[in-house]
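Lettering follows sequence order; numbering is per chain, from 1. If you're wondering where the values come from, they're calculated on a predicted model, not measured in any experiment.
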Number of protein chains: 2
Amino acid sequence: MSQQPAARAAVIKDVARLAGVSHQTVSRVLNDHPSVRDETRERVLRAVQQLNYRPNALARGLAGRRSRVIGVVSFDTILHGPAATLLGIERAARHAGYGISIVALERLDRSGVVEAVNRLAEQSVAGVVIIAPLLTAAAAAGSLPAGVPAVVVESDMAGDLPTISVDQVAGARLAVEHLLELGHETVWHLAGPKDWLEARDRVDGWRASLEAAGRRVPPVLAGDWSPRSGYEAGRELAERGDVTAVFCANDQQALGMLRALHERGVRVPEDVSVVGFDDIPEAAYLSPPLTTVRQDFDEVGRRCLAALLELLGVDRPLGVPRHPRVPPSLVVRASSGPPPAR
Amino acid sequence: MSQQPAARAAVIKDVARLAGVSHQTVSRVLNDHPSVRDETRERVLRAVQQLNYRPNALARGLAGRRSRVIGVVSFDTILHGPAATLLGIERAARHAGYGISIVALERLDRSGVVEAVNRLAEQSVAGVVIIAPLLTAAAAAGSLPAGVPAVVVESDMAGDLPTISVDQVAGARLAVEHLLELGHETVWHLAGPKDWLEARDRVDGWRASLEAAGRRVPPVLAGDWSPRSGYEAGRELAERGDVTAVFCANDQQALGMLRALHERGVRVPEDVSVVGFDDIPEAAYLSPPLTTVRQDFDEVGRRCLAALLELLGVDRPLGVPRHPRVPPSLVVRASSGPPPAR
DNA sequence: GCCCCGATTGTTATCGGTCACATTCATGGG
DNA sequence: CCCATGAATGTGACCGATAACAATCGGGGC
């Protein structure tokens with residue numbers, strides 16, 4: 001009548017009983033409260049082990065008004081960038097002892113973001129990271145429910161929320177300057193979708209670099225990240241004779257472009273140089289291997305988490321720079337070379 | 001002294017007070033309990049709206065011993081397959097009213113999987129989905145802590161846990177039969193890593209199809225999913241004169257192979273046909289566009305969730321087949337054609 | 001007209017922790 | 001030798017919901 005088959009998991013009381021202390025003392029041990037005698041602490045820890053006790057996160061969160069879970073609002077994680085960012089955040093969170101809960105958005109509009117954050121808030125997440133690469137989403141970040149600590153990734157107009165992102169402008173500059181140094185007169189640009197912030201920043205960086213060098217700025221070609229749009233732009237460029245260098249806003253577009261150029265008999269890099277952005281795993285194995293700009297998504301994840309923890313009043317992990325702009329780097333491969341001699 | 005600036009979110013008692021009922025009645029309304037008068041229900045719902053009340057998921061989970069969160073153990077979500085699977089699960093979960101919590105694994109060994117599931121169990125998830133494409137992980141699934149409902153994806157030896165996966169053997173058969181129908185004598189195979197179940201099944205399917213057709217079975221080429229391994233295998237094949245068709249275990253390997261063949265002046269599909277697996281977004285824009293086998297990851301997600309809900313004793317969503325093997329489909333593009341005339 | 005029953009609603013315990021405060025005990029200053 | 005002090009520990013309230021059970025009310029059967 002009093003003994004049970006012990007089917008369910010141990011709770012704090014079981015540990016207390018076994019260790020011969022009160023449940024509160026167990027709680028103190030679990031949270032490294034200073035005033036617990038060493039001998040007592042060890043007795044408790046022994047009981048914890050013996051029962052294979054794991055504190056219930058729900059109860060902890062409910063009582064302590066802080067959970068060890070971080071919410072992530074993500075979008076289009078099939079794309080390499082968002083997927084890698086998500087993974088970087090998960091990794092950083094895990095190291096800091098946090099779990100992560102995700103909500104993927106189908107469309108990135110204001111109400112979607114707000115709704116997603118609400119769903120996460122319902123779960124009492126400690127804070128949220130919003131991967132908001134679109135202008136619309138960035139705007140939404142301003143109208144979030146108060147009281148939820150939030151940081152935003154890949155966005156630079158998120159009201160007063162802390163923002164972490166790769167320095168897209170610098171990335172574009174790396175690409176353009178690389179091509180100019182090779183001797184190209186000017187560099188064309190196949191942009192990403194206009195409502196993506198990263199796309200906008202890369203356009204800005206591209207234009208600024210050309211202007212700084214006093215070069216002619218060709219019209220911007222419009223793309224949508226897809227290989228198809230790169231392919232179409234490639235056909236267009238192949239028609240003209242005056243293009244020697246193209247900077248594509250991402251690697252998939254560059255891939256489509258390589259295909260179009262190849263189809264038209266335009267040689268890369270002999271006739272036209274192509275540079276991409278992202279360094280997707282395939283980049284090194286395209287024909288020809290793609291020169292591209294690499295982004296350090298793990299670093300983005302680390303800085304996000306550091307910023308969020310700071311907002312939560314927890315110590316920042318050591319060694320993570322506070323600067324919100326993560327520097328990208330150029331990876332030179334075979335798709336870029338000097339312009340054809342005339 | 002009694003009025004507060006109402007800074008914090010409303011809780012069930014606030015709703016009860018405003019609606020003039022007990023908190024229990026509010027709870028009944030929230031959970032569609034039948035015996036609540038319509039008039040009362042409406043009054044409560046009005047109060048809910050007015051206060052913008054959202055029930056606290058932690059408290060709910062604690063009291064009701066069931067949370068509306070599903071845990072996902074994932075691995076290598078940079079790869080297209082795992083990323084798409086994760087997204088499919090998230091989508092299905094969201095539709096069923098569940099949130100998802102993820103733990104990404106760095107290595108897919110037994111203790112890693114067990115630890116991950118424990119971390120999720122700590123959060124009292126309703127159940128877990130383990131994306132376990134490796135043999136080691138599948139084995140681990142057997143030694144999970146009891147009491148956590150779990151289903152496994154892309155694995156077929158998970159003890160007695162329900163398993164959902166794409167029918168890899170059928171996929172391989174589609175690829176091989178397509179090539180044989182085109183007139184090829186036999187089909188070579190560039191496999192994935194030996195410890196991946198999907199890789200093993202694709203090898204099995206490839207071999208079985210060839211044997212069923214009474215064809216010679218060439219030696220298996222070893223790959224590791226990377227474009228590099230495809231590239232290396234491609235160089236090797238280019239050396240031999242007798243290869244007319246290759247079935248690559250994934251699109252990235254096919255990509256590397258296309259590059260190697262192109263470099264060696266081997267024309268695709270005139271000299272050699274290449275078929276991939278996955279239908280990554282880039283596949284349609286390679287040179288030439290890649291014939292490949294498409295997997296329906298959304299369907300995988302839906303079936304996973306349906307199986308898990310069934311385990312939880314909740315109604316299966318309607319219209320989701322119970323069958324654990326999701327059929328893949330062949331996407332024919334330009335990389336496959338008849339063998340060269342001799 | 002009385003009693004039983006089902007529909008509706010309220011009261012109290014409970015989930016598994018943390019927090020605030022009380023209690024106990026040994027120590028050291030006056 | 002007494003009391004203030006602080007370290008170590010225990011007690012009970014509480015977080016915000018659901019579960020179990022009690023209470024109330026109106027109507028049908030005898």
Side-chain angles (χ1 to χ4, degrees), chain A residues 4 6-45 47-48 51-69 121-126 147, chain B residues 4 7-45 47-48 51-69 99 121-126 147 313-314:
Chain A
Q4 286 227 332
R8 70 180 214 306
V11 298
I12 200 169
K13 273 190 178 173
D14 303 327
V15 176
R17 197 175 312 127
L18 180 58
V21 297
S22 75
H23 62 121
Q24 178 57 23
T25 297
V26 176
S27 171
R28 288 199 182 91
V29 170
L30 295 176
N31 297 287
D32 322 286
H33 189 95
S35 59
V36 176
R37 241 187 330 159
D38 283 352
E39 195 268 338
T40 309
R41 179 187 315 278
E42 274 181 40
R43 200 141 38 91
V44 169
L45 290 177
V48 164
L51 295 174
N52 189 27
Y53 166 73
R54 299 206 143 213
N56 179 316
L58 294 186
R60 255 186 159 161
L62 182 57
R65 54 236 298 101
R66 81 176 36 177
S67 78
R68 301 278 287 182
V69 174
E122 222 168 276
Q123 293 176 42
S124 307
V125 294
Chain B
Q4 285 227 332
R8 70 180 214 305
V11 299
I12 200 169
K13 273 190 179 173
D14 303 326
V15 177
R17 198 175 312 128
L18 180 58
V21 297
S22 76
H23 63 122
Q24 178 58 21
T25 297
V26 176
S27 171
R28 288 198 182 94
V29 170
L30 296 175
N31 297 287
D32 322 286
H33 190 94
S35 59
V36 176
R37 240 186 333 159
D38 284 352
E39 195 267 340
T40 310
R41 180 188 314 279
E42 274 181 40
R43 201 143 35 92
V44 169
L45 289 177
V48 164
L51 296 174
N52 189 27
Y53 166 75
R54 300 205 141 215
N56 179 315
L58 294 187
R60 254 184 159 164
L62 183 55
R65 54 232 303 105
R66 83 176 36 175
S67 79
R68 300 280 284 182
V69 174
E122 223 168 276
Q123 293 175 44
S124 307
V125 292
V314 187

Original post:
Quick one: are A/Arg28 and A/Val21 in side-chain contact, heavy atoms under 4.5 Å?
Top reply: no

**OP:** Can you tell me the distance, in whole Å, between the CD1 atom of A/Ile12 and the P atom of C/dT14?
**Re:** 18 Å

Original post:
Could you state the CZ-P distance from A/Arg17 to C/dG16, rounded to the nearest angstrom?
Top reply: 12 Å

Subject >> For B/Ala47 against B/Ala19, the heavy-atom pair lying closest together >> reply: CB-CB, 4.0 Å

Check: protein-nucleotides 4-11 of chain C nitrogen or oxygen pairs below 3.5 Å:
residue: C/dT9; atom: OP1; partner: B/Arg37; partner atom: NE; Å: 3.2
residue: C/dT9; atom: OP1; partner: B/Arg37; partner atom: NH2; Å: 3.1
residue: C/dT9; atom: OP1; partner: B/Thr40; partner atom: OG1; Å: 2.6
residue: C/dT9; atom: OP2; partner: B/Arg37; partner atom: N; Å: 3.0
residue: C/dG10; atom: OP2; partner: B/Ser22; partner atom: N; Å: 2.9
residue: C/dG10; atom: OP2; partner: B/Ser22; partner atom: OG; Å: 3.2
residue: C/dG10; atom: OP2; partner: B/Thr25; partner atom: OG1; Å: 2.8
residue: C/dG10; atom: O6; partner: B/Arg28; partner atom: NH2; Å: 2.6

Original post:
Between A/Asn56 (CG) and C/dG17 (C1'), how many Å, whole number?
Top reply: 7 Å

Subject >> Among C/dG16, D/dA17, C/dT18, the one nearest A/Ala59 by side-chain distance >> reply: C/dG16

Original post:
Expressed in angstrom and rounded to an integer, what is the separation of A/Lys13 atom NZ from D/dT11 atom P?
Top reply: 12 Å

Original post:
Can you check the B/Asn31 CG to D/dA19 P distance for me, whole Å?
Top reply: 7 Å

Subject >> Side-chain touch B/Ser27/B/Ile12, heavy atoms, less than 4.5 angstrom >> reply: yes

Original post:
Between the axis at one end of the helix from C/dG1-D/dC30 to C/dG30-D/dC1 and the axis at the other (five pairs apiece), what's the angle to 10 degrees?
Top reply: 50°

Subject >> Distance in Å, B/Arg54 CZ paired with A/Glu122 CD, rounded so as to fall on 0.5 Å steps >> reply: 5.0 Å

Original post:
How many Å lie between CG on B/Leu51 and P on D/dA17, as a whole number?
Top reply: 12 Å

**OP:** Return the value, rounded to whole Å, for the distance between atom CZ of B/Arg54 and atom C1' of D/dG16.
**Re:** 16 Å

Original post:
To the nearest Å, how far apart are A/Leu62 CG and C/dC19 P?
Top reply: 12 Å

**OP:** Using a 4.5 Å cut-off on heavy atoms from C-beta on, say whether the side chain of A/Arg41 contacts that of A/Arg37.
**Re:** no

Subject >> A/Tyr53 side chain near A/Val44 side chain, heavy-atom distance below 4.5 Å >> reply: no

Subject >> Side-chain heavy atoms of B/Asn56 within contact of B/Val11, under 4.5 Å >> reply: no

Original post:
Do B/Leu58 and A/Gln123 have side-chain heavy atoms sitting under 4.5 Å apart?
Top reply: no

Subject >> Note, A/Gln24 side chain near A/Val29 side chain (heavy atom, < 4.5 Å) >> reply: no

